[in-house]
Amino acid sequence: MKQYLKHDAWKIIEEGFTPANNRISESVFSIGNGRMGQRATFEEQYSGDTHQGSYVAGVYYPDKTRVGWWKNGYPEYFAKVLNAPSWIDIDVSIEGEVLDLAKAKVENFKRELNMQNGLLTRTFIATLPSGKRIAVDAKRFCSMADGEVGAIRYAITPLNFSGNLSVVLPVDADVENKDANYDEKFWEEIYKSADIDRAIVIAETKKTKFHVCTGINFLTKENDKVKPVVAKSETRDKYAAITFNYDLKENITFSIEKYAVVLSSENHKKDLLVSAAEQKLRSIKTEGFDRLFDAHQNNWLKRWQGADITIEGDIAAQQGIRFNIFQLMQTYTGDDERLNIGPKGFTGEKYGGSTYWDTEAYCLPFYLGTTDEKVARNLLVYRYKHLQKAIENAAKLGFTNGAALYPMVTMNGEECHNEWEITFEEIHRNGAIAYGIYDYIRYTGEEKYLTQYGLEVLIGISRFWAQRVNWSADKKKYVMLGVTGPNEYENNVNNNWYTNLIAAWTLEYTQQAIDFVKIDDKAAYEKLVKKVSFNEKEETAKWSDIRTNMYLPEDSKRGLYLQQDGFLDKELLTVDKLRKEDRPLNQKWSWDRILRSCFIKQADVLQGIYFFEDRFSFDDLKRNFDFYEPMTVHESSLSPCVHVILASVLGYKEKAYEMYLRTSRLDLDDYNNDTEDGCHITSMAGTWMSVVKGFGGMRVRDGKLYFNPFIPDQWKSYSFKVEFRGRVILVNVSKASTDIKVISGDPLEIIVGEEKELA
Ligand code: BGC
């Protein structure tokens, strides 16, 4: 854990330059706009420790799988989010000396991310080895108003000299991924051109052949007045730049505005990329930094109006929730059903930038509650479009008859994860995709989704479960062997309670979906039966048998659901007995030691109770929470939010608050010592759930909205809005009262605590 960022309600602030924290800050201060994004690396050259990262949504490279020991069934590749051509660099030299903060004396360094308007600012005073001092003020944003546009204003003031400034403004496609399996560069040059007022490079990804066209132009100013310079151009392999010199005058501020466009062949015809880039470059330069910024800022303000959560009396908590919402909104805007939410968004390479079960299990409720229903629907349709690939994926592993196994990690529907205990065994992900459909319909009431897309997906998933279980003559139950549950600190276990539960539930829900669709649209049902060769009678009879006879390990004496067979054979210890030096376990202990221990990465029994809470009593929840919570190390970012929600139900206010800080400030305070790899974007939706479902107690049951709010002792009040079936509902909770009203849309019956109210 590292706490060096200042607390502020709307800003993330780093004061003073500590190179050892630089990679963490590069992640935390990342900016994006749903189409592209980047780590907060410096504009000028930096020879110290840094992790360059610019990313373009949907653009990936299938990096050939590299494993120590090949296993049949492994995917051929891992889809990597690509470090894309960079537009942010501004190379600065003064009288021949390169500005490089690793070699200069740095004072008054401040990095600030204004979350209200998405502006990243960095200011500092640098003394170069020659003694020349300059003040720099660098501002940049990725426009929320136009996802293909970015801009930088880089202002330099010489403090104790006048002298020659030399500037290079490149587009640099000669970039690499740190996680490349074979140290290979993933981009080839297709086109480049540079002249005195613009530079463009088109780079193509090897194998996938995406084209990304990155273009820049610029404007220079002296004390805010346009001051043209004489520019030249420079090109080399995968690189095009504009260069110029300027005579700096002591105490006169010179600023460079660098405008950029990033266009991808996902959205433009390849042969029209250059002309589209040129046109856009002209128009954004005419628009100018300030007007572009106004449009960007207005877009952010609108988004915040719907999604903001305010917390009074606890600045760390307030900053935490806004940081999480900000990151989610700049990662996925929901207007393109080909895109999804990578666990690191635009903040790092780890996890390949692809889609995980995180989307359905954690992110969906956030987008349902804060934006138009279409956004969440797009996320479901994304999986519908991947159904054939999920069927092929299952077929590769020996499943038949249209059984679908959705991938653990994917970009285009194909599995690209390659650790056998996860690829082949962490199959609970299939259940989350079914649950996502259920969750969407429960919230929106749009049952028709089942007819249009949902049922087909559910049949594929149910077919998989039906083949994945086997009958145990010994137990006289269906069992599921060789799986990994959400708790990845156990592998290859038998009868993971959560996986068995969600499998049985899917079979039940699929039956309900069949019953619905048959009545809703008989013709559509019959068409589907034909399309997927569905033998309803036989298949549903089998599913019914499985779900009523599924083995769910438990210890009935203690009233515990057992994470898996044999869990109680472990030495049952609690996390408070662990030495500080042993944490995080995944960085300190050998893997076998982790597997043998009772310590839990994320508690999957509790995940199951959270998903299906209406099936469990308060006492069930309490017994299981009291047993599993003390063993949970929360080394999955997805873990703490579920504990906030359950602790809130149990009235464990302190635990709920502790877990809330952990989820909301996970990256700001680097709890798991891994923020330098990027931020944990998908778990940020869990932070939102912590407030809305946890403290606010929001639930939807039978089409009705319920709240059961409480307020942590540390807070004076909090408020949030949710969109629900055409309404916007505002919830205000203070120590003295709870006020819930519909602020737009028709009146609605809302149940608060046990009371029904018309809001
Ligand atoms: C978690 C998985 C999750 C992945 C991506 C892992 O550490 O254990 O459940 O899907 O991170 O967020």
Side-chain angles (χ1 to χ4, degrees), residues 27 78-81 179 324 327-328 331-332 340-364 366 379 383 405-411 415-433 435-436 483-493 496 498-499 502 563 583-587 589 591 594-595 599-608 610-611 628 632-643 662-663 666-667 670-687 689:
S27 301
F78 189 85
K80 298 213 158 131
V81 63
D179 66 353
N324 286 246
Q327 287 290 356
L328 285 164
T331 301
Y332 181 73
N340 211 284
I341 309 139
K344 297 277 175 230
F346 299 119
T347 70
E349 293 171 7
K350 201 172 171 199
Y351 293 119
S354 318
T355 312
Y356 286 64
W357 72 300
D358 306 27
T359 295
E360 286 76 15
Y362 298 87
C363 299
L364 207 60
F366 169 78
L379 290 170
R383 294 291 197 179
L405 174 59
Y406 277 91
M408 187 66 194
V409 182
T410 194
M411 267 290 183
E415 176 63 87
C416 59
H417 196 281
N418 54 51
E419 283 168 290
W420 65 269
E421 62 278 21
I422 292 179
T423 312
F424 307 137
E425 299 205 330
E426 204 173 334
I427 50 179
H428 68 81
R429 61 194 187 242
N430 235 17
I433 287 155
Y435 189 84
V483 303
T484 296
N487 171 26
E488 291 174 343
Y489 287 178
E490 300 276 359
N491 298 154
N492 196 34
V493 300
N496 173 257
Y498 172 81
T499 309
I502 205 161
Q563 189 173 264
R583 307 286 309 276
L585 297 183
N586 63 15
Q587 293 171 20
W589 281 11
W591 191 242
I594 290 179
L595 292 177
F599 296 113
I600 296 173
K601 187 180 182 193
Q602 74 180 101
D604 42 48
V605 167
L606 300 183
Q607 177 81 29
Y610 154 66
F611 266 180
Y628 287 109
T632 308
V633 285
H634 301 290
E635 288 175 16
S636 163
S637 63
L638 302 174
S639 179
C641 61
V642 170
H643 291 235
R662 188 167 179 133
T663 176
L666 178 75
D667 292 315
D670 197 12
Y671 268 88
N672 287 344
N673 196 26
D674 60 0
T675 303
E676 62 174 47
D677 297 334
C679 293
H680 300 82
I681 302 296
T682 43
S683 76
M684 293 184 178
T687 305
M689 289 201 287

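All ligand and atom numbering here is 1-based and tracks the order in the structure.
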Could you tell me whether some N/O pair between K601 and ligand 1 is separated by less than 3.5 angstrom?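 Yes; the residue has a nitrogen or oxygen that sits under 3.5 Å from a nitrogen or oxygen of the ligand.
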Any carboxylate oxygen within less than 4.0 angstrom of a Lys/Arg side-chain nitrogen, looking at R583 and E635? yes
My understanding is that we take every heavy atom of each candidate and find the minimum distance to atom 8 (O) of ligand 1. Doing that for H428, E426, E488, M408, which one comes out nearest?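 Of the listed residues, E488 has the closest heavy atom.
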Minimum distance, heavy atoms only, to atom 9 (O) of ligand 1: which one of Y356, Y362, Y489, W357 is it?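 The residue whose heavy atom sits nearest atom 9 (O) of ligand 1 is W357.
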[X] side chain to [Y] side chain, donor-acceptor N/O pair below 3.5 angstrom:
| X | Y | result |
| --- | --- | --- |
| N586 | Y489 | yes |
| T663 | T687 | yes |
| H634 | S639 | yes |

Tell me the protein heavy atom at minimum distance from atom 10 (O) of ligand 1, and give that distance in Å. D358 OD1, 2.7 Å
of all protein heavy atoms, closest to atom 11 (O) of ligand 1 is Y351 OH, 3.4 Å
On the 0 to 90° scale, with breaks at 30° and 60°, tag the F611-Y498 ring pair as parallel, tilted or perpendicular. tilted
Any idea which atoms of ligand 1 are less than 4.0 Å away from a heavy-atom of Q602? 8 (O), 9 (O)
Show me which atoms of ligand 1 lie under 4.0 Å from any heavy atom of L638. 3 (C), 9 (O)
Going by heavy atoms in the side chains, are R383 and E360 under 4.5 Å from each other? yes
